[in-house]
K.L.:
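Sending over a structure as structure tokens; questions will come in a sec.
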Protein chains: 2
Amino acid sequence: MTLDYAILGLLSWQPFSGYDLKKVFEESPVYYWSGNNNQIYRTLLDLHRDGLVTKEVIPQENLPARKVYRSTPQGEALLRQWVLTIPELPQRKHAFLLQLGWADRLSPTELDALLEQYQEEMQALAVIARARSTNNPHQPSRTTREALLWQAIGTNWVLFYENEVSWAHDLRTQLQSLETANTGT
Amino acid sequence: MTLDYAILGLLSWQPFSGYDLKKVFEESPVYYWSGNNNQIYRTLLDLHRDGLVTKEVIPQENLPARKVYRSTPQGEALLRQWVLTIPELPQRKHAFLLQLGWADRLSPTELDALLEQYQEEMQALAVIARARSTNNPHQPSRTTREALLWQAIGTNWVLFYENEVSWAHDLRTQLQSLETANTGT
DNA sequence: CAGATCATGTAACTGGTTACATGATTCA
DNA sequence: TGAATCATGTAACCAGTTACATGATCTG
């Protein structure tokens, strides 16, 4: 799994509490996980048990104590080791493609409506991704190189969505010309 | 979940046994799942229990009986309903991007090696995807339109990988020019 | 003789999601 | 008054993977 490394990375940059992390996961598209408590709190316990992070308990009046985690040298070492690891292949779960595969039973109008909706959703996500890649507080830029890297990560998401947009657009025009070819005869 | 619809789709096209389906999932990149028995056999039982498919048991000498499934009118109706459903957003699990986010602790050589490897892997997958999109027995083409749709599905995968290739390439040249800018001063 | 292919299936586990629980404080 | 924010955590569940088990037959 990668959630532990994702958290370890963030903690190697800044101290965070579980609650903070949850918000990072919710707000940043790079951290694709559904900001869900369960895993975050449990991984923090694991990381702490393994000596990869330290835990500082900060009591608060009338609120549960904040537990702030920081990475240790062992954590840093493990992180560096992971970063050098051979790259994992990106995985896509593209249910819509399967849906399309059996969409020949739809009328031309129904099919185009489906694709139009998809195209618009992807367009919207591209816009959001572009906006967020420019101003995102959840990414470090301690050096020019690090800023460039995070810039590239943002760009990757933008390109991904834009790719889908133009693909959907192309398919729609292809379908349309096929339609006119059929009726025009 | 979508595995049930994926199977229902295939069965609406051709009769398949669990074993057949397993191979389809293994061989086709569109059906991203790891051709794993457990889920396939269990979904088939579920689909049959719900009257969406029929089961025909074909005894064989010295081999376990083949159980061949076919979709029923109810299955076809449910499939059509699903196909009309609002498109699900594609999900990416891109661990490598996270890895990159913390890769500023690597030397320029280490970092470039990582990206080079990624680029090559994506290039290889693009080639495979392109080859498979042209000759794939696991996709129906009962009409021109259906053939076009499956063609588009294949193209989507190719574009996805090619997109990653050019992204990685761009990033590498950016990093390199940053390097020479630094050392050149 | 070892390993692949045909064909079924089950057990155990990991990863991830949703929903629940507590309880004070602030804001509309 | 109802919802959001701060901050912790647990329970129950679903999806998906790996590995195991059987046993004949074919291929290198």
Side-chain angles (χ1 to χ4, degrees), chain A residues 1-8 11 15-50 53 55-69 88-95 98, chain B residues 1-8 11 15-50 53 55-69 88-95 98:
Chain A
M1 236 285 299
T2 343
L3 181 61
D4 35 11
Y5 290 113
I7 289 181
L8 206 53
L11 293 179
F16 282 105
S17 73
Y19 189 75
D20 297 335
L21 289 170
K22 195 185 131 197
K23 284 199 297 181
V24 172
F25 285 110
E26 268 165 11
E27 287 162 27
S28 165
V30 181
Y31 297 95
Y32 43 81
W33 289 277
S34 82
N36 93 90
N37 296 347
N38 201 331
Q39 264 185 303
I40 292 173
Y41 285 113
R42 285 202 297 100
T43 4
L44 283 173
L45 289 180
D46 290 351
L47 291 175
H48 185 247
R49 182 204 54 208
D50 297 342
V53 300
K55 182 202 285 194
E56 184 190 358
V57 182
I58 301 170
Q60 303 179 105
E61 279 183 16
N62 294 328
L63 271 180
R66 274 175 64 81
K67 297 178 184 171
V68 175
Y69 296 87
E88 230 173 86
L89 304 180
Q91 286 176 44
R92 287 204 310 178
K93 212 173 186 170
H94 209 320
L98 281 192
Chain B
M1 235 286 299
T2 344
L3 180 62
D4 35 10
Y5 290 113
I7 289 181
L8 206 53
L11 293 179
F16 282 106
S17 74
Y19 189 75
D20 296 336
L21 289 170
K22 196 185 134 199
K23 284 199 297 180
V24 172
F25 284 110
E26 267 165 12
E27 287 162 27
S28 164
V30 180
Y31 297 95
Y32 43 82
W33 290 277
S34 83
N36 93 91
N37 296 349
N38 203 329
Q39 263 184 305
I40 291 174
Y41 284 111
R42 284 202 298 98
T43 358
L44 283 173
L45 289 179
D46 291 352
L47 291 175
H48 185 246
R49 182 204 54 207
D50 297 344
V53 300
K55 182 201 287 195
E56 184 190 357
V57 182
I58 301 170
Q60 304 179 104
E61 279 184 17
N62 294 327
L63 271 180
R66 275 174 65 80
K67 296 177 184 172
V68 175
Y69 295 87
E88 231 173 85
L89 303 180
Q91 285 176 44
R92 286 205 310 178
K93 212 171 186 171
H94 210 321
L98 281 192

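Chain A is the first sequence line, chain B the second, and so forth, proteins listed ahead of strands; every chain is numbered from 1.
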K.L.:
Please find the pair of heavy atoms, one from A:Ile40 and one from A:Gly18, that lie closest to each other, and give the distance.
P.N.:
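Heavy atoms of A:Ile40 and A:Gly18 come nearest at CG2-O, 4.0 Å.
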K.L.:
Please tell me if the side chains of B:Val68 and B:Lys55 come closer than 4.5 Å, counting only heavy atoms from C-beta onward.
P.N.:
no
K.L.:
NZ of A:Lys93 to CG of B:Leu89: how many Å apart, nearest 0.5 Å?
P.N.:
13.5 Å
K.L.:
Under 4.0 Å between a Lys/Arg side-chain N and an Asp/Glu carboxylate O for B:Arg49 and B:Asp46?
P.N.:
yes
K.L.:
State the OH-CG distance between A:Tyr5 and A:Leu47, to the nearest 0.5 angstrom.
P.N.:
10.0 Å
K.L.:
Mind calculating the distance between CD1 (A:Ile7) and C1' (C:dG15) to the nearest angstrom?
P.N.:
13 Å
K.L.:
Give A:Asn36 one of three labels, base, sugar-phosphate or nothing, depending on what nucleic acid heavy atoms sit under 4.0 Å from its own.
P.N.:
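The residue A:Asn36 makes base contact.
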K.L.:
Could you check whether any side-chain N or O of B:Gln39 sits under 3.5 Å from a backbone N or O of B:Thr43, counting only pairs where one atom can act as donor and the other as acceptor?
P.N.:
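Answer holds: no.
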K.L.:
Tell me the interatomic distance from A:Ile40, atom CD1, to C:dG16, atom C1', rounded to whole angstroms.
P.N.:
12 Å
K.L.:
What integer distance in Å separates B:Glu61:CD from D:dA24:P?
P.N.:
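These atoms are roughly 13 Å apart.
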K.L.:
Heavy atoms under 4.0 Å is the rule here; annotate nucleotides 7-12 of chain C 5' to 3' with B where the base is hit, S where only the sugar-phosphate is, and - elsewhere.
P.N.:
BBBBBB
K.L.:
In whole Å, I'd like the distance from the CD atom of A:Glu26 to the C1' atom of D:dA4.
P.N.:
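Atom-to-atom, A:Glu26 to D:dA4, this comes out as 13 Å.
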K.L.:
Does any non-hydrogen side-chain atom of B:Asp20 lie less than 4.5 Å from one of B:Arg66?
P.N.:
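Yes, close enough: below the 4.5 Å cut-off.
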K.L.:
Within this structure, what is the CG-to-C1' distance between B:Leu3 and D:dC14, rounded to whole angstrom?
P.N.:
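Value for this atom pair: 13 Å.
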K.L.:
Measure CD/A:Gln91 against P/D:dG16 and give the value in whole Å, please.
P.N.:
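From A:Gln91 CD to D:dG16 P: 11 Å.
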K.L.:
If every non-hydrogen atom of B:Val53 is compared with every non-hydrogen atom of B:His48, which pair is closest and at what distance?
P.N.:
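The answer is O-CD2, 3.3 Å.
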K.L.:
Would you tell me if any nitrogen or oxygen in the side chain of B:Gln39 comes within less than 4.0 Å of OP1 or OP2 on D:dG16?
P.N.:
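Yes.
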K.L.:
Over how many whole Å does the gap from A:Lys93 atom NZ to C:dG15 atom P extend?
P.N.:
15 Å
K.L.:
Rounded to whole angstroms, how far apart are CZ on B:Phe25 and C1' on D:dG16?
P.N.:
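The answer, rounded to whole Å, is 13 Å.
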K.L.:
Taking five pairs at each end of the helix from C:dC1-D:dG28 to C:dA28-D:dT1, what angle separates the two helix axes (nearest 10°)?
P.N.:
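Comparing the first five pairs with the last five, the axes sit 40° apart.
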K.L.:
First locate atom CD of A:Gln91, then atom NE2 of B:His94, and finally report the distance between them rounded to the nearest 0.5 Å.
P.N.:
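Between atom CD of A:Gln91 and atom NE2 of B:His94 there are 10.5 Å.
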